[in-house]
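Taking it in order: structure first as structure tokens, then the write-up.
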2 protein chains.
Amino acid sequence: MTKENPTLADVARLAGVSQMTASRALNGRSGVSRETRDEVLRIASDIGYVVNRTAQKLSGRRNGIIGIITPTLDTQFSSELILGAGRAARAAGCEVLIYTMSDEDRRMHHDVLGLVRQFSDALLAILPRDSLWLDSLAKAKLPVVVIDQRGTMHRFPSVSVDNYGGALLAVEHLIELGHTRIAFLGGGDSIEGVRDRQRGYVDALARHGLPHAPELIASGDLSQMTAFEVASRLINLADPPTAIFTANDQSAFGAIAAAREAGLRVPDDMSVVGFDDIPMAEQFHPALTTVRQPFQQMASSAVNTLLAQVAGNDASVQRVTFAAELVVRDSSGTVTSVRRRSAALQKARKPGR
Amino acid sequence: MTKENPTLADVARLAGVSQMTASRALNGRSGVSRETRDEVLRIASDIGYVVNRTAQKLSGRRNGIIGIITPTLDTQFSSELILGAGRAARAAGCEVLIYTMSDEDRRMHHDVLGLVRQFSDALLAILPRDSLWLDSLAKAKLPVVVIDQRGTMHRFPSVSVDNYGGALLAVEHLIELGHTRIAFLGGGDSIEGVRDRQRGYVDALARHGLPHAPELIASGDLSQMTAFEVASRLINLADPPTAIFTANDQSAFGAIAAAREAGLRVPDDMSVVGFDDIPMAEQFHPALTTVRQPFQQMASSAVNTLLAQVAGNDASVQRVTFAAELVVRDSSGTVTSVRRRSAALQKARKPGR
DNA sequence: CTGAAAGCGCTAACAT
DNA sequence: ATGTTAGCGCTTTCAG
């Protein structure tokens, strides 16, 4: 029937106690006798009472909601993170609410943050690419943890993967396989993590005495389509690379498609190594060799930091970095004979397209 | 400085009017003189006032938030829909809050719905595959619109694409290209839309006098990986299909990978047509021929229906269906000579794997 | 056109 | 261990 949602007052009345007592019992606070508590809980569950989190919040208390703000939803990168955050939050008895800030309407940072704050205790920010955001965040008076973007000002705790170290692993893997002309397909330099990957690439090369070839460093925008184009250019170089390390998995997919388009087989004629290890990496054909970000751990660390801050344990501004792990699959292999490669490229170039 | 967020009371005081007047002005209600209104708005904007939506909601008013509940975030299907909904909502001056119900914790339908209701005026449900959900939704006393799943009980307004018609388009396209052995790679029958696609496939065949070959109907789970396996089986049939129509794009990607694995070229030796036209479809290589769902339109229709209901225009339970559109790209082509195909398959089979 | 009072559901801060 | 009071920020009555 159309009976309204049960409220705390209902529970209290039915249990024959005051609202306050009911509240205490429900929240597991001290100051309630076992008996009373059990009774209250029983009644609450009986009538299907669900605490009203907006009221909770309005009254000044924390309401166990953590807000996630993300620029996009369509990257597996963010979905993985969100998934992990949700799990971690629920494990702690919290819920998660997601707010997307699509690129178009970066207009009202302020409003959005204001809104999020009204609804939640803390905010998990998944790196919008511009730092304007960071400014707005600074004004929001609530705990914030930023993922994968250490603000230049170090204003917020952040959690990220060891991008530099991961890149090192990837490139050294390629070097071990015998590659000497290794290209880097980056993603612009608006994202700090991506810049770190490039640094790792450069240093790995240097460390192994490999020449620094500027023409082998190209930059896309982390999208598959752009990566396809950029990789195509790389492949058509007079002296093309035998391997490409890309700044993310999506780019790797694009690079692989480009290699195929050029008549090269992966990994026989061209090795490709990505970064992220999104679920697709394993499903792709060929399965992608890539650097794994421990999304679940990162998310859960972020959530816990947030929760600690909410609880008052001021963990000051800290940055947590997780180790990256190289996952070797089928897109990387030993260098093929130069003859074969050249032949393949020649053949592919002639017909044109 | 650490001054708290401005509240309605602040605006009112500064403007020298009562809270009520300020409220009316801010909400664009009648009963306020132009002058007063302008003054209030000016002040509000000056001090950066942002209405507190939780308070708004608590006081019984609608707060302009529409909640979206989705089982997954990692399918481009849902991201597209969410994106579209966000746009439509913002166009109407509303905001959108997303709640994910990961498969694991389908436990507390009730709580989740309760929570969503507290935060928002209406609910857009991108449905989890089981209908238990529908039951819970029925109890939630707030406007609901369901996307792509017309509940068996027709309890909610729904918007979906013409799955049946879309499938017809896809299969007829294949038939026009000369294919006669066309397989269907489905996705189980828990989703009504997917079942409709299968019906479309069957009917298209029948309509063109093509034999109904049960062995050419296989079912996956809409994931790329499963599709790879299922498609592999299809390809290894004694009399394999020359084309595969898949229930969604992800499955098409898997099928293409399987074809390649078997030594077949797409589209030369095997045509593949998907369904959805997620952004990846265009970026994939080969670009995928697929049936487009007008995500943006669907989402915006859903949002508008929701908004209308909130506004009180009870549009009763209606179902909106959008036409599907065939997008021909590079993964479908005319049938190749059987000789070539057989040769390719023979060759691929011998080495084994 | 404007304002005062009361309350949404809950929780701190004081009582008892 | 339990109850009372007051108030979070806003809005709906109902009065001027």
Side-chain angles (χ1 to χ4, degrees), chain A residues 3-41 43-44 47-65 114-115 117-121 141-142 310 312, chain B residues 3-40 44 47-65 114-115 117-121 141-142 310 312:
Chain A
K3 81 172 148 201
E4 285 307 313
N5 290 322
T7 144
L8 182 60
D10 296 330
V11 177
R13 187 164 28 73
L14 259 33
V17 297
S18 74
Q19 280 200 35
M20 223 26 247
T21 304
S23 170
R24 283 192 267 253
L26 261 351
N27 291 344
R29 302 255 175 128
S30 62
V32 191
S33 72
R34 264 206 79 83
E35 289 184 346
T36 319
R37 156 160 306 148
D38 291 346
E39 177 64 359
V40 168
L41 292 181
I43 305 252
I47 65 176
Y49 169 77
V50 187
V51 61
N52 185 323
R53 309 238 186 196
T54 73
Q56 227 168 12
K57 190 72 192 170
L58 191 58
S59 80
R61 187 190 192 278
R62 58 197 169 94
N63 68 165
I65 301 263
L115 194 156
R117 180 178 51 247
Q118 295 163 5
F119 286 101
S120 42
D121 296 337
K141 293 264 175 268
L142 85 174
V310 171
Chain B
K3 81 171 149 200
E4 284 309 312
N5 290 322
T7 138
L8 182 60
D10 296 330
V11 178
R13 187 164 27 74
L14 258 34
V17 298
S18 74
Q19 278 201 35
M20 223 25 249
T21 303
S23 169
R24 284 193 266 254
L26 260 353
N27 290 344
R29 303 255 175 128
S30 62
V32 191
S33 71
R34 264 205 79 84
E35 289 185 344
T36 319
R37 156 159 310 150
D38 291 348
E39 175 65 359
V40 169
I47 65 175
Y49 169 77
V50 187
V51 58
N52 184 321
R53 308 236 186 199
T54 72
Q56 230 170 8
K57 190 70 191 171
L58 189 58
S59 79
R61 188 189 193 275
R62 58 198 167 94
N63 67 166
I65 301 262
L115 193 156
R117 181 178 49 246
Q118 295 163 5
F119 286 100
S120 41
D121 295 337
K141 293 262 173 269
L142 84 173
V310 171

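Lettering follows sequence order; numbering is per chain, from 1.
- Formation of a donor-acceptor pair under 3.5 Å by the A/Gln118 side chain with backbone atoms of B/Arg53 is found in this model.
- The main-chain N or O of B/Arg117 is never found under 3.5 Å from a side-chain atom of B/Ser120 such that the two would form a donor-acceptor pair.
- Taking for each of A/Ser18 and A/Gly60 the nucleotide of DNA chain D with the nearest heavy atom, the 5'-most of the two is the partner of A/Ser18.
- Across A/Leu8 and A/Ala22, no two heavy atoms sit closer than the pair CD1-CB, 3.7 Å.
- Between A/Ser59 and B/Thr36, the residue anchored nearer the 5' end of DNA chain C, judged by the nucleotide with its closest heavy atom, is B/Thr36.
- For the pair A/Gln118 CD and D/dC8 C1', the interatomic distance rounds to 12 Å; values are reported in whole Å.
- To the nearest angstrom, P of D/dT11 lies 8 Å from CG of B/Leu26.
- The distance from atom CG of A/Asn27 to atom P of D/dT2 is 16 Å, rounded to the nearest whole Å.
- Among the protein residues, A/Thr54 comes within range of no part of the nucleic acid, since none of its heavy atoms lies under 4.0 Å from any strand.
- Atom CG of A/Leu58 is separated from atom P of C/dA12 by 13 Å (rounded to the nearest Å).
- Counting all heavy atoms, side chain and backbone alike, A/Leu26 lies closest to A/Ala44 at CD1-CB, 3.9 Å.
- Rounded to a whole Å, the CD atom of B/Gln56 is 17 Å from the P atom of D/dC8.
- Comparing D/dT12, C/dT2, D/dG3 by their closest approach to the side chain of A/Val17 singles out D/dG3.
- Positionally, the nearest nucleotide of DNA chain D for B/Ala55 lies more toward the 5' end than for the other of B/Ala55 and B/Arg24.
- For the atom pair OG1 of A/Thr7 and OH of A/Tyr49, the computed distance is 6.0 Å after rounding to the nearest 0.5 Å.
- Comparing D/dT2, C/dG9, D/dC10 against the side chain of B/Leu8 picks out D/dC10 as the nearest.
- B/Ser23 has a side-chain polar atom (N or O) that falls below the 4.0 Å cut-off from OP1 or OP2 of D/dT11.
- Note: CE (B/Met20) to C1' (C/dC1) measures 12 Å, nearest angstrom.
- At a threshold of 4.0 angstrom between heavy atoms, the contacts of A/Arg37 with the nucleic acid are absent.
- Rounded to whole Å, atom C1' of D/dG9 lies 14 Å from atom CZ of B/Arg13.
- A straight line from CZ of A/Arg61 to P of C/dG9 spans 18 Å, rounded to a whole angstrom.
- Residue B/Ser30 is out of contact with every strand shown, counting any heavy-atom pair closer than 4.0 Å.
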